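Computed from a predicted structure; not experimentally measured. Values below: all heavy atoms of this structure, side chains included; hydrogens, waters and symmetry mates excluded.
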Amino acid sequence: MEYVYSVLVMIGIYTIMASSFNLIIGFGGLISIAHPIFFALSAYASALVNLHWGVPIPLAILLGTLFAAAMSVMLSLPSLRISGDYLLIASMGFQLGFVEVIKNVDFAGGAGGLTGIASIYSGPSRSPAFVVTTLTIAATVVSVVHWLTHGEYGRAIRAMRDDEECFASLGRNPMAIKITIFAVGSALAGLAGALYAHYFQFLSPEQFGITQSALILTMVVVGGMGSTWGPVVGALLLTALPQAITFLNLPPSVMAPLQGMLYTGLVLLFLFVRPAGLVAKRLGQ
Amino acid sequence: MSHTAPRRAWLRGLAFAAAAAAFGTAAPAAAQQTLKFGLAMPLTGSQSSYGKDQVKAAEWAVADINAKGGVNGKKLEMILLDTQADPTVGISAVNRLINVDKVPVFVTAWSAVVKAVAPIANREKVLELSIGANAPEISKLGDYVYTAFPLADVDVTAVADYTFKTLGKKRVAIMYINNDTGVEAARLYRTVFEKAGGQIVAFEAYDPKATDYTGALLKVRAANPEMIHLHGLVADMPLVIAQMRQLGIGQRVTTYAAGYNPQMVEKAGKGAEGLIVTSLAPNEKQNPNVGPYLERWKKAENRIPNGLPYTQYLHDAPYLVAALYSHLEKNKLPASGENMRKALLAVRTFDLPLTGKLTFNEDHTVRKPVNLVTVDNGQFVPLATVE
């Protein structure tokens, strides 16, 4: 059962990641791939303030989340003046740069990773409690993203995404809206990261590279970019599928190419067969 | 359509979950009356060429043990899962080994994975045997984590001491890969060498993804060391040595167990001459079983394994597990992780076919004599043994 719990926690964490990434890339149209670094920054911040200063875990998670939001401004303020390909490159640099910083900071464990992180819950009901917490937070995050993108504010986000100049000509400030959704999206990624840190109790800088970005992007693309439920389906599928494959007990010679091609294959398949993702977005959204 | 799409997607997800559950229940039913243990190694990804050879050695050992009647007539069953040498994938694999396959003991390697799964082993009270990873921190990961492989302090200390005391070199430059393998080991070398009275004249890191090392190498050249200690991975070390020679840096190079690999000589060519590497496992002359083991590789794969000493340790892992099970059977104890740990502490010294005597210390580590091997005319030849 413990195994199922850990898969459910991962599904919850990836749902938060994919939903918040969808807010930035799908609804906001901001092509940034630096999402995992906010996950990492918050995970490290939360683990470290608890480890070194004894800050209670719930408060540490909150601090980590706020830290991720604050750090997102560091990327968004200078780089949101550009968009499209340039933003993509800037975000990649930001991500790789911070991965290097983490690798070289001794008090964060350096390249060897950070061990000895405290767990939120302990005792026999640790994992079920974690499942409930993570899934509740994931559901809340999905609702928040839905609420943000479907009211008046949602219309403003889409207007900004579809025609920035027109949007500005109406007297609205596209920069403010970009920075806000970037901060909200990154804070939510940070929340997922802090939960991850206190569940798995180990962080290593290598986990937060481009591969992680590709995974989350795949979740959003396969699920359906710009739809509320798409990232949820994507997170569920891409977390459960690699697990299900291990139960086929295939020989390594088959397993290796199969796992290697899983993400690439899915993306290619969906681009051809269902370009809008599993959950196609409704007309008029 | 927009209303049915999400439902269809959920149904697909459920179908996968159902398939997973079906496979999950089928596997243990077929495997009753066996003595299980887990093996979580990289079978895919960049480290898989090492992982696969180590796994093959372990598979041979399991087959040999079972061919001789197993443990008390019960067969040993090894459940193998892929970690990709990635902590997140490793966590899933070990969670599955412990909770689905219900193993009381598992073997794993690669420092990041060993560290990442340690909280699970401690929480679930399952014995984790780290075999192959050498980060010094591994000895402090908790009650249920033991390493059956000497940690970096053993061979790095031996190399540093040998360089200072036997070779009489006083000025050494260190080049290391900037990841968990390189950083801790490089610091350790510096501490040991400086304590002995030597001087570290350059301490240069390079990025794990780099292919050009000129910047760091020029600093090493400017520092004019008498010898260079290189601490990287098999993928990058031959390149570093080749570039070193191109830049006219001709000093002798020392490294550690990962350098004991045919690829070092193949890729670095003449540049590898004089290279000193370590081996933490006995060679053909020191252990009569090693010769036939190498023959077996040549017959089955027509080559010697990648990272020979590591495969020797992995080959012996099932024997170690068999000895633990044998202790439990003798004392009629149920096969739980707690009892596995007790068995390890009760037996403590194991006599293993390819690596010889292995004694677990109080601090969760093991000590072994270090064989220094050097490259002479493109061949690895024994140089010295440091106890």
Side-chain angles (χ1 to χ4, degrees), chain A residues 1-7 10 100 103-104 106 109-117 119 122 126 196 200-207 211-212 223-224 227 229-230 232-234 236-237 240-249 252-253 255-260 277-283, chain B residues 1-3 5-6 8-10 12-13 16-17 19-24 26-27 43-45 48 51-52 55 80-82 84 86-89 91-93 95-100 111-112 115-120 123-124 135 137 140-142 177-184 205 207-208:
Chain A
M1 211 44 205
E2 193 65 31
Y3 171 68
V4 178
Y5 290 144
S6 81
V7 174
M10 281 314 285
E100 287 306 311
K103 266 190 203 171
N104 289 287
D106 280 342
L114 184 62
T115 50
I117 302 170
S119 169
S122 56
R126 174 187 188 267
Y196 180 95
F200 290 107
Q201 300 174 274
F202 174 75
L203 296 169
S204 145
E206 312 231 331
Q207 288 168 272
T211 325
Q212 197 60 219
S227 75
W229 288 104
V232 181
V233 174
L236 181 74
L237 197 64
L241 202 56
Q243 298 297 331
I245 285 178
T246 67
F247 282 94
L248 298 175
N249 292 327
S253 55
M255 191 72 102
L258 192 64
Q259 292 204 326
L278 269 175
V279 184
K281 99 184 129 154
R282 272 184 238 172
L283 286 175
Chain B
M1 175 192 154
S2 54
H3 286 280
R8 211 181 297 153
W10 279 105
R12 272 180 228 186
F16 278 118
F23 279 109
L43 302 172
T44 60
S48 63
K52 279 187 202 158
V55 166
L80 173 65
L81 284 180
D82 184 16
Q84 299 174 15
D86 175 280
T88 317
V89 183
I91 286 170
S92 300
N95 262 326
R96 209 200 105 175
L97 285 174
I98 295 178
N99 300 300
V100 180
S111 298
K115 288 181 194 175
V117 303
I120 309 172
R123 205 162 49 227
E124 304 281 325
E137 216 187 343
K140 302 181 201 101
L141 291 179
I177 188 165
N178 196 10
N179 67 12
D180 55 339
T181 302
V183 176
E184 292 179 59
D207 190 84

If I measure from the heavy atoms of chain A, does [X] come under 4.5 Å with its side chain, its backbone, both, or neither?
{"X": "B/Ala116", "value": "both"}
{"X": "B/Asn179", "value": "both"}
{"X": "B/Ser111", "value": "neither"}

Q. With a 4.5 angstrom heavy-atom cut-off, which part of A/Tyr3 approaches chain B: side chain, backbone, both or neither?
A. both
Q | ring pair (Phe, Tyr, Trp, His ring centres under 6.0 Å) involving A/Tyr5 - partner list, sequence neighbours excluded | A | none
Are [X] and [Y] packed together at the side-chain level, in the sense that at least one heavy-atom pair is separated by less than 4.5 angstrom?
{"X": "B/Thr88", "Y": "A/Met10", "answer": "yes"}
{"X": "A/Glu2", "Y": "B/Ile98", "answer": "no"}
{"X": "B/Val100", "Y": "A/Phe247", "answer": "yes"}

Q. Is there a donor-acceptor contact under 3.5 Å linking the side chains of B/Arg123 and A/Gln201?
A. yes
(Q) To the nearest 0.5 Å, what is the distance between NZ on B/Lys115 and CG on A/Leu203? (A) 12.0 Å
Q. Looking only at heavy atoms, what is the nearest atom pair of A/Phe200 and B/Pro119, with distance?
A. O-CG, 3.8 Å
Q: Determine the minimum heavy-atom distance between A/Ala111 and B/Asn178, stating which atoms define it.
A: CB-O, 3.9 Å
(Q) So, using side-chain contact (heavy atoms from CB on, under 4.5 Å) as the criterion, who are the partners of B/Ser48 when residues are at least two apart? (A) B/Lys52
Q) So which of A/Gln207, A/Glu100, A/Glu206, A/Lys103 has the biggest tally of heavy-atom pairs under 4.5 Å with chain B? A) A/Gln207
